[in-house]
Visitor: 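Quick one: the structure is below, questions incoming.
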Amino acid sequence: MEKSKVLVVGGTGYLGRRIVSASLSQGHPTYVLQRPEIGLDIDKLQMLLAFKKQGAHLVEGSFSDLESLVRAVKLVDVVICPMSFRSHNILLQLQLVEAIKRAGNIKRFLPSEFGFDPARMGHALEPGRVSFDDKMVVRKAIQDAKIPFTYVCGAGFAGYFASNLSQMGTLIPPKEKVLIYGDGNAKVSIVDEDDIAAYTIKTTDDLRTLNKTLYLRPPENELSQKQLVEMWENLIGKKLEHISISEEDFLASMKGMDYAGQVGVGHFYHMFYEGALTNFEIGEEGEEASKLYPEVKYTRMNEYLKIYA
């Protein structure tokens, strides 16, 4: 079967660059939106040119020019938009929804998701809940426009949650002391970013994921924080000092923090105290990635951590 043509919007981002690479490696004709907003960002420009060398097509377009988005969308079958919630630009995707609606040719749209399932986060703490609310606005627009979709969500990125043993304020493992959230037993799904990209591209021509949510919950990567810390301790042959922080004290730490800090605390709370990535059964509206795609040899976290040892 001929592979779908894929347009990646946000292809120079943290996850976007991996999705472009996965699309190319899985044999899809791959298009990357080249936005004039990159300005003089030489790193992003050179990344785009590197994609071009690998066979990707660069397509000019801007969120401030709807017709340019329509032209870009008309070139492809599938649109993927791995836009970071930290950019506070989630609602820009409404322009993309409008472009897809006008173009009328898209077989699948994958909007910015990849973390918590926003449909399950109606109870989320302020101010971090704004990203979930915005994602639900985008979902409603997609479904109102009757655009075929797949939502990919349910994982913590390994670079942000495994490498640092899930400590806030650092991206490398602690050497002496580790902060444990509550009893440290809430289960969290942590997935290597390259694997997230591979699973994402797998969905694009798969009717089993049409108008469904793909949850990233590979069983061997559904771990508690304590299990993750133990992996690291076994790897380095040293026991760290464990310092437990109660739910109340953790939430109290929000006071006096800047906006980004408060958002971070809220999201960590939902992940490590509530277990919000894993504390539900996947129903008929969803599928689990590793079950659908056993051919993806996903990275186990005990292997992932070796690079930091």
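Because only heavy atoms are used, hydrogens play no part in the values below, and waters and symmetry mates are left out as well, while side chains stay in.
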Visitor: Under the 6.0 Å and 45° cation-pi test, does Arg120 pair with Tyr151?
Guide: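 Judged by the rule (NZ or CZ under 6.0 Å from the ring centre, within 45° of its axis), Arg120 is not positioned above Tyr151.
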Visitor: If hydrophobic residues (ILVMFWY) are linked whenever their side-chain heavy atoms come closer than 4.5 Å, directly or via other members, who joins Leu210 in its cluster?
Guide: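 Its cluster mates, by chain and number, are Leu207.
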Visitor: Side chains of Thr213 and Glu285: is there a donor and an acceptor less than 3.5 Å apart?
Guide: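 Short answer, no.
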Visitor: Would Arg300 count as a cation-pi partner of Tyr298, with NZ or CZ less than 6.0 Å from the six-membered ring centre and within 45° of the ring normal?
Guide: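 Judged by the rule (NZ or CZ under 6.0 Å from the ring centre, within 45° of its axis), Arg300 counts as positioned above Tyr298.
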Visitor: I'd like to know if the side chain of Ser4 pairs up with that of Asp205 as donor and acceptor (distance under 3.5 Å, no hydrogens or angles considered).
Guide: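 Yes, because at least one side-chain N or O of Ser4 sits under 3.5 Å from a partner of the opposite role on Asp205.
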Visitor: Are Tyr199 and Phe114 an aromatic pair, judged by ring center distance below 6.0 Å?
Guide: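 Phe114 vs Tyr199: aromatic centres not under 6.0 Å.
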Visitor: Give a yes or no answer on whether the side chain of Glu288 reaches the backbone of Arg217 with a donor-acceptor pair at less than 3.5 Å.
Guide: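 Present.
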Visitor: Looking at Phe250 versus Tyr269, is the centre-to-centre ring distance below 6.0 Å?
Guide: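 No; Tyr269 has its ring centre 6.0 Å or more from that of Phe250.
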Visitor: Taking the basic N atoms (NZ, or NE/NH1/NH2) and the acidic carboxylate oxygens, is any pair closer than 4.0 Å for Arg18 and Glu193?
Guide: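 Salt bridge: no.
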Visitor: In plain terms, say whether Lys202 and Glu295 are close enough for a salt bridge, that is, a side-chain N and a carboxylate O under 4.0 Å apart.
Guide: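 Yes, this pair counts.
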Visitor: What class does the angle between the rings of Phe161 and Phe272 fall in, given that below 30° is parallel, 30 to 60° is tilted and above 60° is perpendicular?
Guide: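 Correct class here is tilted.
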Visitor: Looking only at non-hydrogen atoms, find the nearest pair between Leu165 and Pro174 and report the distance.
Guide: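 Shortest heavy-atom contact: CD1-CD, 3.8 Å.
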Visitor: Would you say Tyr293 and Asp206 are linked by a side-chain donor-acceptor pair, where the criterion is simply a distance under 3.5 Å?
Guide: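 Yes, side-chain donor-acceptor contact under 3.5 Å.
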Visitor: Check the side chains of Gln262 and His267 for a donor-acceptor pair under 3.5 angstrom, ignoring hydrogens and angles.
Guide: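 No donor-acceptor contact under 3.5 Å links the two side chains.
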Visitor: Classify the side-chain pair Arg108/Thr209 by whether it contains a donor and acceptor separated by less than 3.5 Å.
Guide: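 A pair is found: one side chain offers a donor N or O, the other an acceptor, under 3.5 Å apart.
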Visitor: Parallel, tilted or perpendicular: which one describes the rings of Phe132 and His270, with boundaries at 30° and 60°?
Guide: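 Perpendicular: the ring planes of Phe132 and His270 meet at over 60°.
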Visitor: Under 30°, 30 to 60°, or over 60°: which ring-plane class applies to Tyr304 and Tyr308, parallel, tilted or perpendicular?
Guide: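 Tyr304 vs Tyr308 ring planes: tilted.
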Visitor: Side-chain donor-acceptor pair under 3.5 Å between Glu287 and Tyr215, yes or no?
Guide: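 No.
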Visitor: Between Lys212 and Glu284, is there a salt bridge with N-O shorter than 4.0 Å?
Guide: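 A salt bridge is absent here (no side-chain N lies under 4.0 Å from a carboxylate O).
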